[in-house]
**Q** 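Before I ask anything, let me first share the structure, which is written out below as structure tokens.
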2 protein chains.
Amino acid sequence: MRFEAITIKDIATALGLSTSTVSRALRDSHEISVETKKIVREYAEEHNYRPNPIALSLKEKRSRSIGVVVCEIANSFFSQIINGIESIAYDRGYNVIISQSHESYKREVLDLSYLASRSIDGLLISVAMETTNFDHLKSLHDKGLPIVFFDRVVDDIDTHKVIIDNSTGAYNATVHLMKNGFKRIAIVSISEHSFIAQGRLNGYKKALQDNNIPEDEKLIRYCEHGGQNYEELEQVMDSLFSQKKKPDAVFAGSDTMTMGILRYFKSKKMKVPDDIALVGFSNSENADLLQPALTVIKQPAFEMGKKATELLLKMIEAKRQDKTFENYVLPAELVIRESSEKK
Amino acid sequence: MRFEAITIKDIATALGLSTSTVSRALRDSHEISVETKKIVREYAEEHNYRPNPIALSLKEKRSRSIGVVVCEIANSFFSQIINGIESIAYDRGYNVIISQSHESYKREVLDLSYLASRSIDGLLISVAMETTNFDHLKSLHDKGLPIVFFDRVVDDIDTHKVIIDNSTGAYNATVHLMKNGFKRIAIVSISEHSFIAQGRLNGYKKALQDNNIPEDEKLIRYCEHGGQNYEELEQVMDSLFSQKKKPDAVFAGSDTMTMGILRYFKSKKMKVPDDIALVGFSNSENADLLQPALTVIKQPAFEMGKKATELLLKMIEAKRQDKTFENYVLPAELVIRESSEKK
DNA sequence: TTTTTTTACGCAATCGTTATCGGGTTGCAG
DNA sequence: CTGCAACCCGATAACGATTGCGTAAAAAAA
């Protein structure tokens, strides 16, 4: 606060001491007498002195702020993650600067240069779906900026990563559908290049294999933009359901897509689960209130944010940099509801 | 970035100039020769020089960051607002520091002292539902901190405010229910003390009056904690529906409560809208996918965030403080769906 | 030619804080 | 009585950037 903020200098002149003495007294240095400390502290307390964080940052060459890049704040999965990030950062006295990439590579590069110019101490990022070139991240990493990836990670940058066990999540969901009698299970996935899509696809395929159901490429579809625009999703769905042998269940690869697909079914008057079953990744708080109540794979978003932040702060505050990095994998939970029940 | 960040001093020594010359060259001062400017600029460009924002903050006595206090990030209404805030702040080069009050007065006070200690240039706040004493805000306001209230405002602090037209929103929703033939319309509102609850209640009452329906106090209920915990809501609903003359429609006063009430009805096997109609405030993106598709009053959250931020930045960047403040009122939109249709 | 003005740059202070160095006073052992 | 810690504290220099002031040299005016 610039508003008549009291500084160490003010205390010094008021008490007839030097700034260094005041500074030391407040930091409880042994080379200041007990009485002086007491006087200084009381005065500081009384006048509600707070060290100027900006001056400290300048001196310590650290901003005590961390940058966060997500695609969208207004997406329950990411807002829950941010919640987790905040909860740790707040406790440890760090600022959180949030930027959104809106899944755009260009915007992500811009965000990063902005964050770098704000001199962040570390970075938490879930890369945009569009991003296939990681030079902007590599260059920051090479310069020594502590980075922790979460959810959408970059394989060939060596640092901490916090991910969901996408494979097992997808596996469980697929097995669940098969157990409920569905035979032709389609998967609508986000961009094929993405790390996450790979994991989810692998789980899906493994589930088919383990149950001796042959893969059918016609049942595997991708949305390059992750269903951010409904039109893309609609096209993909149209092509999926214009086939002769239609799927009897759909497994949706992201929150936005799960909702989009449900919306698609409604618009086509397809009854879920009677005409078609649906299971999808989703962190919506209200999946139980949907029509039908949706079977979802729920991700521990809050924990993810917490864990990623803890790892980042550990890196930032480490005396010397550690060369061993964690690859923290969180389980995804299958919540079974109506949308996957055969009638 | 502390990572080998290039400073003005580095440029100066590299080019055999003084820091002042470099600084002025970069700021395009007229007292630097064209050639020198060119040399400096090229060198700066080449080495990707960025002025250290922390040093600037210290000098200019402003942090270029604004504080935001909301009750919950992971609530679509507020995350949409934050989205709006970010969109403006980002463009104007401001940081956004977000804190959550979780509707707790204590936490709100803590948040504010934290933000103040982070030396924010201005504050955007939607006060917690618990908060009835505003001294913490008044004291900051008196010290000269620019504040803009949004959504939940404080009447007796004189500054910019951005609110939703709660009264008209509630009025339209109530009239809509009456037009659809509902007679006993209950309102379940957030804390009675709140500014918002008052507006919504007034709209509700006015709608009844205008249609010559007598008010019935038994149909007006409050949740002190705004339905943050389901138990509170359940109790209120139980008492509402244990009456002899039961309501045939419910008007819910907040996003959380709207979802909670729908959940309540489902748990009690009450069919919406056949047994009971429901209309509520909600900014959920998926209200159309609910069972039943929900008639909601949707608030222009994104715009609200934008407008509040614009006003705040205007205050912050004003040479002299203006004494006339805007009370910006945004319209709420009634989106009609199944949950309010009589069959 | 001399004086004045302009040009183009450097010096040093400043923002708030801490670290380094140094200095004066006291107590105590040699 | 001297020397040397121990104790308490002050002056100063950073951190990176801006800015008022000073000034040498060049240009213009006298």
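Note that the coordinates shown come from a computational prediction; the quantities given were computed from them, not determined experimentally. The figures here come from the full heavy-atom set of this structure, side chains too, leaving out hydrogens, waters and symmetry mates. In what follows, every chain begins at residue 1, and chains take the letters A, B, ... in the order their sequences are listed.
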**Q** Considering residues at least two apart in sequence or located in another chain, which fulfil the side chain to side chain contact (heavy atoms under 4.5 Å, CB included) criterion with A/Ser113?
**A**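 Checked A/Ser113 against side chain to side chain contact (heavy atoms under 4.5 Å, CB included); zero matches.
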**Q** Go through the structure and list residues passing side chain to side chain contact (heavy atoms under 4.5 Å, CB included) with A/Ala308, not counting sequence neighbours.
**A**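 Checked A/Ala308 against side chain to side chain contact (heavy atoms under 4.5 Å, CB included); matches are A/Leu124, A/Val148, A/Phe150, A/Val162.
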**Q** List in chain and number order the residues that pass side chain to side chain contact (heavy atoms under 4.5 Å, CB included) with A/Lys37, two or more places apart in sequence or in another chain; answer none if no residue qualifies.
**A** A/Ala25, A/Asp28, A/Ile32, A/Arg41
**Q** Using a cut-off of 4.0 Å between protein heavy atoms and nucleotide atoms, how would you tag nucleotides 14-24 of chain D 5' to 3' with B, S and -?
**A** BBBBBBB----
**Q** Starting from P on C/dT17, measure out to CZ on A/Arg64 and report it in whole angstrom.
**A**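 Rounded to whole Å, this separation is 15 Å.
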**Q** Using a cut-off of 4.0 Å on non-hydrogen atoms, how would the nucleic acid contact of B/Thr36 be classed: base, sugar-phosphate, or nothing?
**A** sugar-phosphate
**Q** To the nearest angstrom, how far is A/Lys38 atom NZ from D/dC8 atom P?
**A**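 Nearest whole value for this atom pair: 16 Å.
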**Q** Whole-Å distance between C/dT17 C1' and A/Asp10 CG?
**A** 13 Å
**Q** Quick one: A/Ile32 CD1 to D/dA6 P, roughly how many Å, whole number?
**A**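 Those two atoms, CD1 and P, are 17 Å apart.
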**Q** Which salt bridge (charged side-chain N to carboxylate O under 4.0 Å, His left out) pairs, counting each pair once, include a residue from residues 86-99 of chain A, with sequence neighbours left out?
**A**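 Only A/Arg92-A/Glu317 qualify under salt bridge (charged side-chain N to carboxylate O under 4.0 Å, His left out).
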**Q** Under the salt bridge (charged side-chain N to carboxylate O under 4.0 Å, His left out) rule, what pairs show up with a residue in residues 151-160 of chain A, not counting sequence neighbours?
**A**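 Checked against salt bridge (charged side-chain N to carboxylate O under 4.0 Å, His left out) - neighbours excluded - the pairs reaching residues 151-160 of chain A are A/Glu103-A/Arg152, A/Lys138-A/Asp156.
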**Q** Assess whether side-chain hydrogen bond (donor to acceptor under 3.5 Å, both in side chains) is satisfied between B/Asp111 and A/Tyr90, documenting all intermediate values.
**A** CA-CA 9 Å; B/Asp111 281 348; A/Tyr90 187 90; 2.8 Å; yes
**Q** Measure from CZ on B/Arg62 to P on C/dG16 and round the result to the nearest Å.
**A** 16 Å
